[in-house]
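Counting starts at 1 for both ligands and their atoms, following the listed order. Keep in mind that this is a model prediction, so the values were computed, not measured.
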Amino acid sequence: MNLWYTEDHSPNVRFSMRIDEHLYTGKSEFQKIDVFQTTEFGKVLTLDGYVMVTEKDEFIYHDMITHVPMATNPNIKKVLVIGAGDGGTIRELTRYETIEQIDMVEIDQLVVEVCKKYIPQTAAKLDDPRVHLHYEDGLKYVRSKENEYDLIIVDSTDPFGPGEGLFTKEFYGNCYKALTEDGILVNQHESPFYTEDALGMQRAHRRILGFFPICSVYQVHIPTYPSGHWLFGFASKKYDPVSDLKAEAWNELGIQTKYYNTDIHVGAFALPNYVKELLKDAE
Ligand code: SAM
(Lines give C-alpha, C1' and ligand atoms only; values in the text may rest on other atoms or scores of the structure.)
Protein backbone atom coordinates (compact mmCIF):
# COMPACT_ATOMS: atom_id res chain seq x y z
CA MET A 1 0.00 0.00 0.00
CA ASN A 2 1.32 3.45 -0.87
CA LEU A 3 -1.10 5.88 0.80
CA TRP A 4 -0.01 9.33 1.94
CA TYR A 5 -1.67 12.11 3.97
CA THR A 6 -0.64 15.52 2.64
CA GLU A 7 -1.27 18.90 4.23
CA ASP A 8 -0.47 22.37 2.87
CA HIS A 9 1.78 24.08 5.40
CA SER A 10 1.89 27.22 3.28
CA PRO A 11 0.72 27.97 -0.26
CA ASN A 12 4.16 26.71 -1.39
CA VAL A 13 5.03 23.97 1.07
CA ARG A 14 3.49 20.56 1.72
CA PHE A 15 3.98 18.00 4.48
CA SER A 16 3.23 14.28 4.00
CA MET A 17 2.99 11.18 6.20
CA ARG A 18 2.70 7.58 5.06
CA ILE A 19 -0.69 6.08 5.99
CA ASP A 20 -1.19 2.44 7.01
CA GLU A 21 -4.94 2.77 7.47
CA HIS A 22 -7.67 5.40 7.31
CA LEU A 23 -9.41 4.52 10.58
CA TYR A 24 -12.25 7.06 10.64
CA THR A 25 -13.82 9.76 8.51
CA GLY A 26 -16.88 11.78 9.41
CA LYS A 27 -18.40 15.23 9.30
CA SER A 28 -19.89 17.09 12.25
CA GLU A 29 -21.91 20.30 12.18
CA PHE A 30 -18.58 22.14 12.55
CA GLN A 31 -15.83 20.30 10.68
CA LYS A 32 -14.54 17.23 8.88
CA ILE A 33 -12.92 14.74 11.25
CA ASP A 34 -10.40 12.06 10.25
CA VAL A 35 -8.21 9.59 12.10
CA PHE A 36 -5.29 7.91 10.34
CA GLN A 37 -2.95 5.15 11.40
CA THR A 38 0.41 6.43 10.17
CA THR A 39 3.70 4.57 9.96
CA GLU A 40 5.85 7.21 11.67
CA PHE A 41 3.52 9.18 13.95
CA GLY A 42 1.04 6.54 15.17
CA LYS A 43 -2.60 7.61 15.19
CA VAL A 44 -3.22 11.10 13.87
CA LEU A 45 -6.34 13.27 14.29
CA THR A 46 -7.02 15.86 11.60
CA LEU A 47 -9.82 18.47 11.50
CA ASP A 48 -10.69 19.99 8.13
CA GLY A 49 -7.40 18.62 6.78
CA TYR A 50 -5.13 20.04 9.51
CA VAL A 51 -3.18 17.89 11.94
CA MET A 52 -4.36 18.39 15.52
CA VAL A 53 -2.66 15.59 17.36
CA THR A 54 -0.30 12.73 16.61
CA GLU A 55 0.54 9.99 19.09
CA LYS A 56 4.25 10.50 18.53
CA ASP A 57 4.62 14.24 19.16
CA GLU A 58 1.54 15.23 21.20
CA PHE A 59 3.57 15.14 24.43
CA ILE A 60 5.45 18.28 23.40
CA TYR A 61 2.31 20.38 22.91
CA HIS A 62 0.44 19.04 25.95
CA ASP A 63 3.39 19.27 28.34
CA MET A 64 4.13 22.83 27.38
CA ILE A 65 0.56 24.17 27.32
CA THR A 66 -0.08 22.73 30.82
CA HIS A 67 3.04 22.58 32.97
CA VAL A 68 4.30 26.11 32.18
CA PRO A 69 1.34 27.83 33.91
CA MET A 70 1.12 25.14 36.63
CA ALA A 71 4.78 25.59 37.60
CA THR A 72 4.35 29.38 37.61
CA ASN A 73 1.46 29.16 40.08
CA PRO A 74 1.16 25.74 41.75
CA ASN A 75 -1.88 27.02 43.72
CA ILE A 76 -4.14 26.85 40.68
CA LYS A 77 -7.38 25.15 41.75
CA LYS A 78 -10.01 25.92 39.13
CA VAL A 79 -9.22 25.67 35.43
CA LEU A 80 -11.16 26.44 32.26
CA VAL A 81 -10.00 24.65 29.11
CA ILE A 82 -11.41 25.77 25.78
CA GLY A 83 -11.29 23.37 22.83
CA ALA A 84 -8.95 20.45 23.62
CA GLY A 85 -11.32 17.78 22.29
CA ASP A 86 -8.52 15.20 21.99
CA GLY A 87 -8.16 15.29 25.81
CA GLY A 88 -4.35 15.64 25.98
CA THR A 89 -4.40 18.89 27.96
CA ILE A 90 -6.95 17.43 30.38
CA ARG A 91 -4.75 14.34 30.83
CA GLU A 92 -1.84 16.54 31.93
CA LEU A 93 -3.99 18.72 34.23
CA THR A 94 -5.46 15.69 36.02
CA ARG A 95 -1.94 14.78 37.18
CA TYR A 96 -2.14 17.65 39.69
CA GLU A 97 -3.96 16.48 42.83
CA THR A 98 -4.26 20.11 43.89
CA ILE A 99 -6.57 21.02 40.99
CA GLU A 100 -10.18 20.83 42.20
CA GLN A 101 -12.22 21.56 39.09
CA ILE A 102 -11.65 21.54 35.34
CA ASP A 103 -14.35 22.95 33.07
CA MET A 104 -13.75 21.91 29.48
CA VAL A 105 -15.69 23.75 26.78
CA GLU A 106 -15.50 21.99 23.43
CA ILE A 107 -17.74 23.04 20.55
CA ASP A 108 -17.77 19.64 18.86
CA GLN A 109 -18.98 16.57 20.76
CA LEU A 110 -18.06 14.31 17.84
CA VAL A 111 -14.33 15.14 18.21
CA VAL A 112 -14.46 13.95 21.82
CA GLU A 113 -16.33 10.75 20.93
CA VAL A 114 -13.95 9.94 18.08
CA CYS A 115 -10.86 10.58 20.24
CA LYS A 116 -12.22 8.44 23.09
CA LYS A 117 -12.66 5.59 20.64
CA TYR A 118 -9.51 5.92 18.52
CA ILE A 119 -6.95 7.91 20.55
CA PRO A 120 -7.20 6.83 24.21
CA GLN A 121 -3.57 7.91 24.63
CA THR A 122 -4.84 11.50 24.89
CA ALA A 123 -8.54 11.01 25.74
CA ALA A 124 -8.25 8.55 28.65
CA LYS A 125 -8.69 11.10 31.47
CA LEU A 126 -11.79 12.85 30.18
CA ASP A 127 -13.85 10.84 32.68
CA ASP A 128 -11.93 12.15 35.71
CA PRO A 129 -14.61 13.29 38.23
CA ARG A 130 -13.09 16.80 38.38
CA VAL A 131 -13.68 17.30 34.64
CA HIS A 132 -16.96 18.92 33.62
CA LEU A 133 -17.59 18.80 29.89
CA HIS A 134 -19.65 21.54 28.24
CA TYR A 135 -20.43 21.17 24.57
CA GLU A 136 -20.67 24.78 23.45
CA ASP A 137 -18.81 27.64 21.80
CA GLY A 138 -16.01 28.87 24.08
CA LEU A 139 -16.57 32.43 22.84
CA LYS A 140 -20.12 32.36 24.24
CA TYR A 141 -19.24 30.40 27.38
CA VAL A 142 -16.82 33.00 28.77
CA ARG A 143 -19.20 35.93 28.25
CA SER A 144 -21.02 35.31 31.54
CA LYS A 145 -18.00 34.35 33.68
CA GLU A 146 -16.46 36.69 36.21
CA ASN A 147 -13.56 36.21 38.66
CA GLU A 148 -13.95 32.43 38.51
CA TYR A 149 -10.87 30.70 37.11
CA ASP A 150 -7.22 30.65 38.20
CA LEU A 151 -6.15 29.44 34.77
CA ILE A 152 -7.68 29.47 31.29
CA ILE A 153 -6.06 27.29 28.61
CA VAL A 154 -7.14 27.93 25.04
CA ASP A 155 -6.34 24.70 23.20
CA SER A 156 -8.05 25.66 19.99
CA THR A 157 -7.93 25.07 16.28
CA ASP A 158 -6.53 27.86 14.07
CA PRO A 159 -8.08 31.34 13.66
CA PHE A 160 -10.55 30.30 10.96
CA GLY A 161 -13.63 28.05 11.00
CA PRO A 162 -15.06 27.34 14.47
CA GLY A 163 -11.87 28.57 16.18
CA GLU A 164 -12.00 32.10 14.71
CA GLY A 165 -13.88 33.63 17.65
CA LEU A 166 -11.21 32.38 20.06
CA PHE A 167 -8.69 34.86 18.61
CA THR A 168 -10.87 37.99 18.98
CA LYS A 169 -10.64 41.01 21.28
CA GLU A 170 -14.04 40.18 22.68
CA PHE A 171 -12.84 36.72 23.69
CA TYR A 172 -9.58 37.86 25.31
CA GLY A 173 -11.43 40.64 27.20
CA ASN A 174 -13.92 38.12 28.55
CA CYS A 175 -11.09 35.75 29.53
CA TYR A 176 -9.54 38.61 31.52
CA LYS A 177 -12.87 39.12 33.30
CA ALA A 178 -13.34 35.39 33.91
CA LEU A 179 -9.94 35.10 35.64
CA THR A 180 -9.28 35.65 39.34
CA GLU A 181 -6.91 38.45 40.38
CA ASP A 182 -3.84 36.24 39.94
CA GLY A 183 -5.22 34.45 36.89
CA ILE A 184 -3.19 33.17 33.92
CA LEU A 185 -4.24 32.74 30.28
CA VAL A 186 -2.27 30.35 28.06
CA ASN A 187 -3.20 29.98 24.43
CA GLN A 188 -2.21 28.16 21.28
CA HIS A 189 -0.50 31.09 19.55
CA GLU A 190 0.24 29.90 16.00
CA SER A 191 3.64 29.84 14.31
CA PRO A 192 6.01 32.75 13.61
CA PHE A 193 7.51 31.17 10.49
CA TYR A 194 5.26 31.23 7.41
CA THR A 195 3.74 34.60 6.54
CA GLU A 196 0.07 33.78 7.09
CA ASP A 197 0.67 32.04 10.42
CA ALA A 198 2.93 34.88 11.54
CA LEU A 199 0.24 37.45 10.80
CA GLY A 200 -2.23 35.42 12.88
CA MET A 201 0.19 35.23 15.78
CA GLN A 202 0.92 38.98 15.62
CA ARG A 203 -2.80 39.76 15.66
CA ALA A 204 -3.35 37.51 18.68
CA HIS A 205 -0.40 39.08 20.52
CA ARG A 206 -1.63 42.62 19.86
CA ARG A 207 -5.12 41.79 21.08
CA ILE A 208 -4.01 40.01 24.27
CA LEU A 209 -1.63 42.89 25.10
CA GLY A 210 -4.61 45.21 25.16
CA PHE A 211 -5.94 43.50 28.31
CA PHE A 212 -3.14 41.88 30.33
CA PRO A 213 -0.29 43.65 32.17
CA ILE A 214 2.02 40.65 31.68
CA CYS A 215 2.03 39.26 28.19
CA SER A 216 4.72 37.04 26.73
CA VAL A 217 5.22 34.29 24.24
CA TYR A 218 7.15 31.01 24.50
CA GLN A 219 8.25 28.52 21.90
CA VAL A 220 8.28 24.80 21.28
CA HIS A 221 9.22 22.57 18.39
CA ILE A 222 6.44 20.33 17.08
CA PRO A 223 7.49 18.24 14.07
CA THR A 224 4.00 17.88 12.53
CA TYR A 225 2.92 21.54 12.77
CA PRO A 226 3.78 24.00 9.97
CA SER A 227 7.53 24.75 10.08
CA GLY A 228 7.85 22.82 13.34
CA HIS A 229 8.30 26.12 15.17
CA TRP A 230 5.25 26.85 17.33
CA LEU A 231 4.34 29.43 19.96
CA PHE A 232 2.17 29.61 23.04
CA GLY A 233 0.96 32.86 24.58
CA PHE A 234 1.33 33.44 28.33
CA ALA A 235 -0.74 36.34 29.68
CA SER A 236 -1.27 37.06 33.33
CA LYS A 237 -2.60 39.58 35.82
CA LYS A 238 0.21 39.07 38.33
CA TYR A 239 2.73 36.30 37.66
CA ASP A 240 5.76 36.59 35.43
CA PRO A 241 6.37 33.15 33.92
CA VAL A 242 10.15 33.29 34.39
CA SER A 243 10.81 35.30 37.56
CA ASP A 244 7.85 33.74 39.39
CA LEU A 245 8.61 30.16 38.33
CA LYS A 246 8.36 27.87 41.39
CA ALA A 247 10.98 25.42 40.14
CA GLU A 248 11.67 23.76 43.47
CA ALA A 249 8.01 23.32 44.35
CA TRP A 250 7.23 21.90 40.91
CA ASN A 251 10.16 19.47 40.99
CA GLU A 252 9.06 18.27 44.43
CA LEU A 253 5.74 17.15 42.93
CA GLY A 254 7.63 14.38 41.12
CA ILE A 255 5.51 14.62 37.96
CA GLN A 256 7.30 12.59 35.26
CA THR A 257 7.30 14.38 31.90
CA LYS A 258 8.82 13.57 28.55
CA TYR A 259 9.40 17.17 27.35
CA TYR A 260 8.78 19.71 30.10
CA ASN A 261 11.31 20.47 32.81
CA THR A 262 11.96 23.64 34.74
CA ASP A 263 15.08 24.45 32.65
CA ILE A 264 13.17 24.28 29.38
CA HIS A 265 10.44 26.38 31.04
CA VAL A 266 12.91 29.26 31.34
CA GLY A 267 14.59 28.55 27.99
CA ALA A 268 11.31 28.51 26.08
CA PHE A 269 10.83 32.22 26.82
CA ALA A 270 14.19 33.08 25.18
CA LEU A 271 13.10 33.96 21.67
CA PRO A 272 15.00 34.20 18.37
CA ASN A 273 15.51 37.74 17.08
CA TYR A 274 13.08 37.35 14.17
CA VAL A 275 10.30 36.42 16.60
CA LYS A 276 11.17 39.33 18.88
CA GLU A 277 10.93 41.65 15.87
CA LEU A 278 7.55 40.25 14.87
CA LEU A 279 6.25 40.78 18.40
CA LYS A 280 7.67 44.32 18.56
CA ASP A 281 6.04 45.16 15.23
CA ALA A 282 2.72 43.85 16.57
CA GLU A 283 2.94 46.14 19.60
N1 SAM B 1 -3.52 20.71 19.54
C2 SAM B 1 -4.35 21.25 18.58
C3 SAM B 1 -3.78 22.17 17.57
O4 SAM B 1 -3.33 23.28 17.86
O5 SAM B 1 -3.77 21.77 16.41
C6 SAM B 1 -5.70 21.68 19.03
C7 SAM B 1 -6.41 20.45 19.42
S8 SAM B 1 -8.04 20.41 19.89
C9 SAM B 1 -8.55 19.04 18.91
C10 SAM B 1 -8.86 21.82 19.19
C11 SAM B 1 -10.35 21.79 19.46
O12 SAM B 1 -10.88 23.10 19.49
C13 SAM B 1 -11.18 21.04 18.40
O14 SAM B 1 -11.65 19.84 18.94
C15 SAM B 1 -12.30 22.00 18.04
O16 SAM B 1 -13.55 21.38 17.88
C17 SAM B 1 -12.26 22.96 19.24
N18 SAM B 1 -12.85 24.28 18.96
C19 SAM B 1 -12.72 25.02 17.83
N20 SAM B 1 -13.42 26.15 17.95
C21 SAM B 1 -13.99 26.14 19.18
C22 SAM B 1 -14.84 27.05 19.87
N23 SAM B 1 -15.23 28.20 19.32
N24 SAM B 1 -15.24 26.72 21.13
C25 SAM B 1 -14.83 25.55 21.71
N26 SAM B 1 -14.05 24.65 21.09
C27 SAM B 1 -13.62 24.94 19.84
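Between Leu166 and ligand 1, no N or O atom pair is found at a separation short of 3.5 Å. Close N/O approach between Leu45 and ligand 1 is not found [any backbone or side-chain N/O within under 3.5 Å]. For a threshold of 3.5 Å applied to N or O pairs, the pair formed by Val53 and ligand 1 contains no separation below that value. Any N or O atom pair closer than 3.5 Å counts here, and Gln31 shares at least one such pair with ligand 1.
For the pair Tyr141 and His134, the tightest heavy-atom approach, listed with the atom from each and the gap, is OH-NE2, 3.8 Å.
Looking at Leu139, Leu110, Asp86, it is Asp86 that brings a heavy atom closest to atom 9 (C) of ligand 1. For atom 15 (C) of ligand 1, the nearest non-hydrogen atom from the set Glu106, Met52, Lys140 belongs to Glu106.
Looking at atom 12 (O) of ligand 1, its nearest protein heavy atom turns out to be Gly83 CA, 3.4 Å. Considering only non-hydrogen protein atoms, atom 3 (C) of ligand 1 sits nearest to Tyr225 OH, 3.0 Å. With hydrogens left out, the protein atom closest to atom 24 (N) of ligand 1 is Gly138 N, 2.9 Å, a heavy atom. Summary of contacts: the protein heavy atom closest to atom 10 (C) of ligand 1 is Asp155 O, 3.3 Å. Scanning the protein for heavy atoms near atom 26 (N) of ligand 1, the closest one is Ile107 N, 3.2 Å.
Using a 4.0 Å cut-off to heavy atoms of Leu47, the atoms of ligand 1 that qualify are 13 (C), 14 (O). Below 4.0 Å from some heavy atom of Asp137 lie the following atoms of ligand 1, by number and element: 22 (C), 23 (N), 24 (N). Of all atoms in ligand 1, listed by their number and element, those nearer than 4.0 Å to a heavy atom of Val51 are 5 (O). Within ligand 1, the atoms closer than 4.0 Å to a non-hydrogen atom of Val111 are 14 (O), numbered from 1 in the order shown. If you number the atoms of ligand 1 from 1 as listed, the ones under 4.0 Å from a heavy atom of Gln188 come out as 4 (O). Atoms of ligand 1 found under 4.0 Å from any heavy atom of Asp108, numbered from 1 in the order shown, are 16 (O). Against a heavy-atom cut-off of under 4.0 Å, Thr157 is close to the following atoms of ligand 1: 10 (C), 12 (O), 13 (C), 15 (C), 19 (C), 20 (N). Distances below 4.0 Å separate heavy atoms of Val105 from the following atoms of ligand 1: 25 (C), 26 (N).
Side-chain N/O atoms of Ser191 and Ser227 include a donor and acceptor closer than 3.5 Å. Side-chain atoms of Tyr61 and Asp155 include a donor-acceptor pair closer than 3.5 Å.
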*Let me see the working for Asp128 and Thr94 under side-chain hydrogen bond (donor to acceptor under 3.5 Å, both in side chains), right down to the final yes or no.*
CA-CA 7 Å; Asp128 185 289; Thr94 58; 4.6 Å; no

*Run the numbers on Asp103 and Tyr149 for side-chain hydrogen bond (donor to acceptor under 3.5 Å, both in side chains), then give the verdict.*
CA-CA 9 Å; Asp103 289 329; Tyr149 296 101; 2.6 Å; yes

*Take Asp48 and Lys32, measure what salt bridge (charged side-chain N to carboxylate O under 4.0 Å, His left out) needs, and give me the verdict at the end.*
CA-CA 5 Å; Asp48 284 338; Lys32 185 169 183 294; over 6 Å; no

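By the criterion of a heavy-atom distance under 4.0 Å, the side chain of Tyr61, and not its backbone, is placed next to ligand 1. When non-hydrogen atoms are compared, ligand 1 lies under 4.0 Å from the backbone of Pro162 as well as from its side chain.
The shortest separation from a heavy atom of Glu164 to ligand 1 is not under 4.0 Å, leaving the residue out of contact. At least one heavy atom of Ser156 sits less than 4.0 Å from an atom of ligand 1.
Of the possible donor and acceptor atoms, one in the side chain of Asp150 sits under 3.5 Å from a partner among the backbone N and O of Lys77.
Under 4.0 Å is where a charged nitrogen must lie from a carboxylate oxygen, and between Lys238 and Asp244 no such pair does. Taking a cutoff of 4.0 Å between a charged side-chain nitrogen and a carboxylate oxygen, Arg95 and Glu92 qualify as a salt bridge.
By the 4.5 Å heavy-atom criterion applied to side chains, Gln188 and Leu166 are not counted as neighbours.
Ring centers of Phe41 and Tyr5: at least 6.0 Å apart, outside the cut-off. Within the 6.0 Å centre-distance limit, the rings of His67 and Tyr96 are counted as a close aromatic pair. For Tyr260 and His62, the distance between ring centers is not under 6.0 angstrom.
Using cut-offs of 30° and 60° on the angle between ring planes, the pair Phe269 and Tyr218 is tilted.
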